[in-house]
Amino acid sequence: MKRLKLRAYVLPAVILVVAILLLLNGLTKTPIEENYTYVSNTILEESLPVMNEKTMIINPYLDQSVTVGKEYYDYKGESIHQEKSIVYYDGTYMQNSGVDFISNNVFEVVSILPGTVTDVKEDELLGKIVEIKHDKYVALYQSLSEVSVKKGDVIFQGQPIGKSGTNELDKAIGNHLHFELSYDGNIVNPLDHLNKELKN
């Protein structure tokens, strides 16, 4: 008799608890809309790059007071530019194989691109020289008064490598950086490449 009474109470209590749980579960769920679309592609498949991956070649200096003192001698250039690109030394006229950047004040010289220092030396006529290989480009930074890198150093774009100075070859120009650039083994006019997109 007691078992029947207990069963009579247990069954309605279980039904009541289940009903309450179902009710609570239904209240917490967000109603499902009938018109919906499943995502069929991942976000990554449709994404576009947000960064420009192209590299610009920077000037070999950061000081805004620096200007071009002597241009690169271009055989195909206009005579007015060729006249501004002649170096006179010891009774001999020579074509300038780079660009001379000048300033009244000594300025910091920086790397135009990431690269590896392949040579550091001092020359009687040209002053202190740093050569850096930048993939297909090779840059010569000459007439330096100070050098802050050594052969074998791996450097980043814009890293200081030395300071401007003078040389015996072209004393009249005063404080400057003589900068030469070659691309794929050929000497080029640096001004045609500086502040331009890096060639592959």
Side-chain angles (χ1 to χ4, degrees), residues 54-75 77 82 84-90 92-200:
K54 301 193 178 190
T55 304
M56 298 295 286
I57 304 172
I58 65 170
N59 286 325
Y61 57 86
L62 302 175
D63 188 333
Q64 297 302 310
S65 71
V66 175
T67 58
V68 174
K70 192 166 284 187
E71 298 179 14
Y72 169 84
Y73 187 90
D74 186 352
Y75 292 97
Q82 289 176 338
K84 294 177 181 177
S85 58
I86 298 293
V87 177
Y88 180 76
Y89 176 74
D90 199 22
T92 305
Y93 291 97
M94 297 172 277
Q95 294 96 358
N96 198 18
S97 53
V99 174
D100 295 306
F101 295 104
I102 62 170
S103 176
N104 291 330
N105 302 314
V106 172
F107 56 91
E108 203 163 52
V109 175
V110 300
S111 179
I112 61 166
L113 288 165
T116 303
V117 178
T118 50
D119 201 8
V120 175
K121 61 186 175 185
E122 189 161 357
D123 185 271
E124 288 181 10
L125 288 178
L126 304 174
K128 291 181 173 71
I129 302 167
V130 173
E131 179 184 84
I132 302 176
K133 183 159 180 34
H134 310 282
D135 196 20
K136 290 187 178 182
Y137 286 96
V138 175
L140 282 174
Y141 305 79
Q142 299 177 355
S143 309
L144 302 174
S145 61
E146 293 179 26
V147 172
S148 53
V149 292
K150 64 185 183 309
K151 186 175 180 178
D153 284 354
V154 175
I155 56 174
F156 56 85
Q157 185 180 46
Q159 179 176 333
I161 60 168
K163 293 191 176 176
S164 62
T166 59
N167 65 30
E168 292 298 313
L169 183 66
D170 200 0
K171 276 185 176 180
I173 203 167
N175 175 62
H176 71 288
L177 163 68
H178 178 78
F179 180 75
E180 295 184 11
L181 191 64
S182 63
Y183 176 75
D184 227 3
N186 301 308
I187 294 173
V188 294
N189 183 349
L191 297 181
D192 290 342
H193 296 261
L194 296 174
N195 300 306
K196 304 274 189 334
E197 194 177 294
L198 178 65
K199 289 183 179 182
N200 294 325

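When a residue number appears, it is its place in the shown sequence, counting from 1.
- Annotation for L125: atom CG counts as buried by contact number, over 12 foreign heavy atoms lying within 6.0 Å.
- In this structure, the side chains of D192 and Y72 stay at 4.5 Å or more apart for every pair of heavy atoms.
- Of the N and O atoms on the side chains of N105 and N175, not one donor lies less than 3.5 Å from an acceptor on the other residue.
- Taking CD1 of I155 as the start and CD1 of I132 as the end, the distance is 3.0 Å to the nearest 0.5 Å.
- Here the side chains of N167 and Q142 are not in contact, with every heavy-atom distance at 4.5 Å or above.
- For E168, the side-chain hydrogen bond (donor to acceptor under 3.5 Å, both in side chains) partners two or more places apart in sequence, or in a different chain, are K171.
- Using bins of under 30°, 30° to 60° and over 60° for the plane-to-plane angle, the ring pair F101/Y61 lands in the tilted bin.
- With no hydrogens or angles considered, a side-chain donor-acceptor pair links S143 and H176 at under 3.5 Å.
- Under a cut-off of 6.0 angstrom, the local environment of CG in N104 is sparse, with at most 12 non-hydrogen atoms contributed by other residues, nucleotides or ligands.
- Nearest approach of P160 to S148, heavy atoms of both residues: O-OG, 3.4 Å.
- The side-chain heavy atoms of I173 and H178, taken from C-beta on, include no pair separated by under 4.5 Å.
- Put simply, CG on L198 and CD1 on I58 are 12.0 Å apart, with the number rounded to the nearest 0.5 Å.
- L177 CG to I161 CD1: the interatomic distance, rounded to the nearest 0.5 Å, is 7.5 Å.
- The 12-atom threshold is not exceeded at NZ of K151, counting heavy atoms of other residues, nucleotides or ligands nearer than 6.0 Å.
- Side-chain atoms of Q64 come within 3.5 Å of backbone atoms of L62 as a donor-acceptor pair (strictly under, hydrogens ignored).
- No salt bridge links K163 with E108; every basic N to acidic carboxylate O contact stays at or beyond 4.0 Å.
- Here the closest non-hydrogen pair linking G98 and E180 is CA-CG, 3.8 Å.
- Using bins of under 30°, 30° to 60° and over 60° for the plane-to-plane angle, the ring pair Y183/Y137 lands in the tilted bin.
- Taking CG of N195 as the start and CG of N59 as the end, the distance is 4.0 Å to the nearest 0.5 Å.
- K150 meets the side-chain hydrogen bond (donor to acceptor under 3.5 Å, both in side chains) test with D153; sequence neighbours excluded.
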Without placing hydrogens or testing angles, list every side-chain donor-acceptor pair under 3.5 Å for residues 109-120, not counting sequence neighbours.
residue, atom, partner, partner atom, Å
S111, OG, L113, O, 2.5
T118, OG1, E131, O, 3.3
T118, OG1, E131, OE1, 2.6

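- E197 CD to M56 CE: the interatomic distance, rounded to the nearest 0.5 Å, is 7.0 Å.
- Between S65 and S103, the closest heavy-atom pair is OG-OG, 3.2 Å.
- Formation of a donor-acceptor pair under 3.5 Å by the S164 side chain with backbone atoms of F107 is found in this model.
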